[in-house]
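Working notes, structure below.
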Amino acid sequence: MKSCPRLLALLALILSAVSSALAQPATPLSEPRLTIEERNPWTHLDWNADPRRFQFAIVADRVGGHRPGIFEAAMAKLNLMQPEFVLCVGDLIEGYSEDPPTIRSEWAEVEGMVRSLEMPFFFVPGNHDVTNLTEVAEWQNRFGRLYYHFVYQDVLFLCLDSDDPPTDRISAPQIEYVRQALQENPRVRWTLVFLHKPLWTYAQDTGWSQVEALLEGRPHTVFAGHYHTYAKEERQGSRYFILATTGGASSLQGPVYGQFDHLVWVTMTDQGPRIANLMLEGIQDEDIRTARTAAIVDQVLMGSAVALKPIWADGRYFRGAVTQLQLANDTDLPMRLRGQFQPDAELQVLPTELQVTVPPKSTHPLPLTVQPRQGKVAVDGLKPLTLSWQLTFDPDGDRPIELDGSSRVVVDRYLTIGAGRTHQVDGNLSDWSDLPLVCRQPAQVRVAPDSWKGAADGSFRFGVDYDESTLYVAAEITDEQVVADPLHLPWDQDGIEVRLDARPDPARSNERGTEGAAFLLVAASPGTTPAEMFLYQRARLDSLGVTAVCLRTPGGYTAEIAVPRAWLDRQQGQPWSEFRLNLSVDDVDEPNGVLAQLCWRPDWRTPENYPGSGTFRRR
């Protein structure tokens, strides 16, 4: 079939029109539309939308002992942040090689990483990249120029080579290049300089003083790397930055040491660049926590995934016992555990190191032998044994879930109580013959521990008793300065918190629950009379038949609590035989002062908690 010239011309005309239409700028977005009234829920409407502002990012040293995966992760996070472009300060390959295949392989790896970016990436040479003539030749073969410049949004970007032969130097030809670039762009609003080595810190002549002389009088900022340690200084009124790492060797000691992995986020304004250091671990995508992740994590947080069974000694001395680590995997994924018991001066656990996989929807009991290092050891005063562990789950098509934690177990004795007498819950403790449990050195001081000045500042003693129908708790608190207000919560002033858990084991000993579902909380602040005290959730306690009184005394205050034994029976599903109790005293020394919470046993909701702490057994 012969082609028709008129038809071809018509098609060309249509294509030209379509191309022209596509080339036209998009229709501008309309101005913001909102209703303005006399009072409005915003501060002002000076939109932060200056068209001359733009954002770009800088990555620091990747190598010099690179840590795999860090730079790759940075590329993915740059795509999340969406800067307009990215620059580096050199040292992208390990280099220091004259073997062309090795050099080409290292550059291919890096270029594969930066090609994943959705925005331009600008290279700057570092000493690892161009350490010898072979590496220089490979750079020139791939990228051409070793130093260059460009202008973007009326900002001049100077990308220099700090190892322009010889090393540690900017050569005369490069200095001349800088001179010409500055002469060609005399009135840009800012000049940004990028090089690998911070040549201004070197004792010898590096050529930097000549570059700095050329920059004098114009607004400029300088970025370098090489030292793997962040620092900022001012020279002649300009800011100079030495960046840390984006995967290079680092001890990662933290910001105060200048050792961290980061991206530098630069917002260019007419007043100069605004600099923000974005720590890599602080940039996460939208899948940082999914419903599936939450379900797995919540299981672990509730303490049911890794549970150590308490060890109860029969007498004053402990000679060894076998306990159990209970691993429970309620998920539909295999659960891998790696763990190690921390060294203890008096006790040892065998095996010391653990590695086990628990199939989905199953439990795995693991026997553990706990024994004194020498013969026997006194039970009183034994510190908890700590198992540090990591749990790993591998969801299909999703990132691995790795959870680090610790579990604690202590060799302890049951606190036995026998039936005593009936007590009047009135805050008068004269009908208690003894309050045998004394806390002058708390097992844990929470919130602001430094504000507690010792036993004279706050201490307590308490006792537990029961009769046919009621369990009683009485406490006497020593406090040199009582601060209490019936309008404030107990944990915002001086007060007492008693937690009682009567559920069957292992839930009672291991889980970190919340009051109501898992344990009973009685919290009160003292008043001069019962009517003037504050009792937390008084209506709920009344509905359970719980009564409590907290009253001031000349040396502090007292608390007395009565819990129906029927409540303990319901929690245990049978006539009660054991329960777990903890008592905390909240202490402040002045109104609205700093609070210290003094815990008889570690708070059940904290990592310091250990299974079964504060367990009482009915004699």
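The analysis underlying the following values was restricted to heavy atoms, covering all of them including side chains, and did not include hydrogens, waters or symmetry mates. Start at 1 with the first residue, then count along the sequence.
With sequence neighbours left out, the side chain to side chain donor-acceptor pair (under 3.5 Å) criterion links His128 to no other residue. For Glu497, the salt bridge (Lys or Arg N to Asp or Glu O under 4.0 Å) partners two or more places apart in sequence, or in a different chain, are Arg499. In this view, Asp99 and Ser97, Pro101, Thr102 satisfy the side chain to side chain contact (heavy atoms under 4.5 Å, CB included) rule, not counting sequence neighbours. Under the rule for a salt bridge (Lys or Arg N to Asp or Glu O under 4.0 Å), Glu72 has no partner lying at least two apart in sequence or in another chain. Residues meeting the ring pair (Phe, Tyr, Trp, His ring centres under 6.0 Å) test with Tyr148, sequence neighbours left out: none. With sequence neighbours excluded, the residues forming a ring pair (Phe, Tyr, Trp, His ring centres under 6.0 Å) with Tyr147 are Tyr177, listed by chain and number. Every side chain to side chain contact (heavy atoms under 4.5 Å, CB included) that Arg235 has, sequence neighbours left out, goes to Trp200, Glu212, Glu233, Tyr240. When the ring pair (Phe, Tyr, Trp, His ring centres under 6.0 Å) test is applied to Phe71, no partner is found at least two apart in sequence or on another chain. For Arg62, the salt bridge (Lys or Arg N to Asp or Glu O under 4.0 Å) test picks out Glu109, with sequence neighbours left out. For Phe150, the ring pair (Phe, Tyr, Trp, His ring centres under 6.0 Å) partners two or more places apart in sequence, or in a different chain, are Phe122, Phe157.
For Arg508 (side chain) and Gly612 (main-chain N/O), no donor-acceptor pair under 3.5 Å exists by modelled atom type. Not one N or O on the side chain of Ser406 forms a donor-acceptor pair closer than 3.5 Å with the backbone of Ser388. Checking side-chain atoms of Asn79 against main-chain N and O of Ala76 turns up no donor-acceptor pair under 3.5 Å. Put simply, the side chain of Thr246 never gets that close to the backbone of Asp61: no donor and acceptor are under 3.5 Å apart. Between the side chain of Gln326 and the backbone N or O of Leu308 there is no donor-acceptor pair closer than 3.5 Å. Side-chain atoms of Gln153 do not come within 3.5 Å of backbone N or O of Phe54 as any donor-acceptor pair. Checked by atom type and distance alone, the side chain of Gln493 pairs as donor or acceptor with a backbone atom of Leu489 at under 3.5 Å. Of the possible donor and acceptor atoms, none in the side chain of Thr267 sits under 3.5 Å from a partner among the backbone N and O of Arg274. At least one donor-acceptor pair under 3.5 Å links the side chain of Asn40 to the backbone N or O of Glu37.
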Practice item. Tell me, with the steps shown, if Tyr227 and Thr201 meet side-chain hydrogen bond (donor to acceptor under 3.5 Å, both in side chains). Key: CA-CA 11 Å; Tyr227 289 161; Thr201 66; 2.7 Å; yes

Review point. Side chain to side chain contact (heavy atoms under 4.5 Å, CB included) between Tyr610 and Arg601: does it pass, once the steps are laid out?
Key: CA-CA 9 Å; Tyr610 55 86; Arg601 295 289 187 262; 3.5 Å; yes

Practice item. Report the C-alpha separation of Arg336 and Asp394 in whole Å, then their side-chain angles, then the decisive distance to 0.1 Å, and conclude whether the salt bridge (charged side-chain N to carboxylate O under 4.0 Å, His left out) test is met. Key: CA-CA 9 Å; Arg336 300 197 307 275; Asp394 291 307; 2.6 Å; yes

Practice item. Apply side-chain hydrogen bond (donor to acceptor under 3.5 Å, both in side chains) to the pair Asp163 and His196, showing each step before the final yes or no. Key: CA-CA 8 Å; Asp163 282 302; His196 179 65; over 6 Å; no

Practice item. Dump the intermediate steps for side chain to side chain contact (heavy atoms under 4.5 Å, CB included) on Phe56 and Leu192, then the final yes or no. Key: CA-CA 12 Å; Phe56 67 94; Leu192 300 175; 3.5 Å; yes

Practice item. Decide yes or no on side-chain hydrogen bond (donor to acceptor under 3.5 Å, both in side chains) for Asp261 and Thr245, but give the supporting numbers first. Key: CA-CA 5 Å; Asp261 286 317; Thr245 52; 2.9 Å; yes

Practice item. Start with the C-alpha distance between Val63 and Leu92, add both sets of side-chain angles, then the distance that settles side chain to side chain contact (heavy atoms under 4.5 Å, CB included), and finish with yes or no. Key: CA-CA 6 Å; Val63 297; Leu92 294 173; 5.9 Å; no

Exercise for review: Given side chain to side chain contact (heavy atoms under 4.5 Å, CB included), test Asn277 with Tyr230 step by step and report yes or no.
Suggested key: CA-CA 10 Å; Asn277 286 291; Tyr230 183 94; 3.1 Å; yes

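Annotation: side chain of Gln571 is not in contact with side chain of Leu500 (no heavy-atom distance under 4.5 Å). No side-chain heavy atom of Val86 sits less than 4.5 Å from a side-chain heavy atom of Met75. Taking 4.5 Å as the limit, some side-chain heavy atom of Pro395 sits within range of a side-chain heavy atom of Ile401. Residues Gln597 and Asp603 form a side-chain contact, since some pair of their non-hydrogen atoms from C-beta on lies under 4.5 Å apart. Side chains of Thr229 and Tyr257 form no contact here, defined as non-hydrogen atoms less than 4.5 Å apart. A 4.5 Å side-chain heavy-atom check between Arg67 and Ser250 finds at least one atom pair inside the cut-off. Counting only heavy atoms from C-beta outward, the side chains of Leu87 and Phe223 never approach each other to under 4.5 Å. Inter-residue side-chain proximity for Ile283 and Trp265 is flagged as unmet; no heavy-atom pair is nearer than 4.5 Å.
In plain terms, the two heavy atoms of Asn582 and Pro602 that are nearest each other are ND2-O, 3.3 Å. Between Pro273 and Val266, the shortest heavy-atom contact is CB-CG1, 3.6 Å. In terms of heavy atoms, Ala57 sits closest to Pro83 at N-CB, 4.0 Å. Closest approach of Lys197 to Ser162, counting heavy atoms only: N-OG, 3.0 Å. Pro351 approaches Leu368 most closely through the heavy-atom pair CD-CD2, 3.9 Å. Taking all atoms of both residues into account, the shortest heavy-atom contact from Pro442 to Trp452 is CD-CH2, 3.4 Å.
Using a cutoff of 4.0 Å between basic side-chain nitrogens and carboxylate oxygens, Asp50 and Arg52 are not scored as salt-bridged.
To the nearest 0.5 angstrom, Thr392 atom OG1 is 11.5 Å from Leu333 atom CG.
The stretch residues 101-121 participates, sequence neighbours left out, in these ring-ring contact (aromatic ring centres under 6.0 Å, His included) pairs: Trp107-Trp139, Trp107-Phe143, Phe121-Phe123.
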Using residues 354-366 as the side-chain source, report each donor-acceptor pair under 3.5 Å to any protein atom, sequence neighbours left out, with the distance given to one decimal.
| from | atom 1 | to | atom 2 | distance (Å) |
| --- | --- | --- | --- | --- |
| Lys361 | NZ | Asp330 | O | 2.8 |
| Ser362 | OG | Pro359 | O | 2.6 |

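Residue Gln82 places its CD atom among more than 12 non-hydrogen atoms of other residues, nucleotides or ligands, all under 6.0 Å distant. When the shell of 6.0 Å around CZ of Arg338 is examined, it contains 12 or fewer heavy atoms from other residues, nucleotides or ligands. Sparse packing is recorded around CZ of Arg145, with 12 or fewer heavy atoms of other residues, nucleotides or ligands lying under 6.0 Å away. Applying the 6.0 Å contact sphere to CG of Asn592 captures no more than 12 heavy atoms from other residues, nucleotides or ligands.
For Phe85 and Tyr152, the gap between ring centers is short of 6.0 Å.
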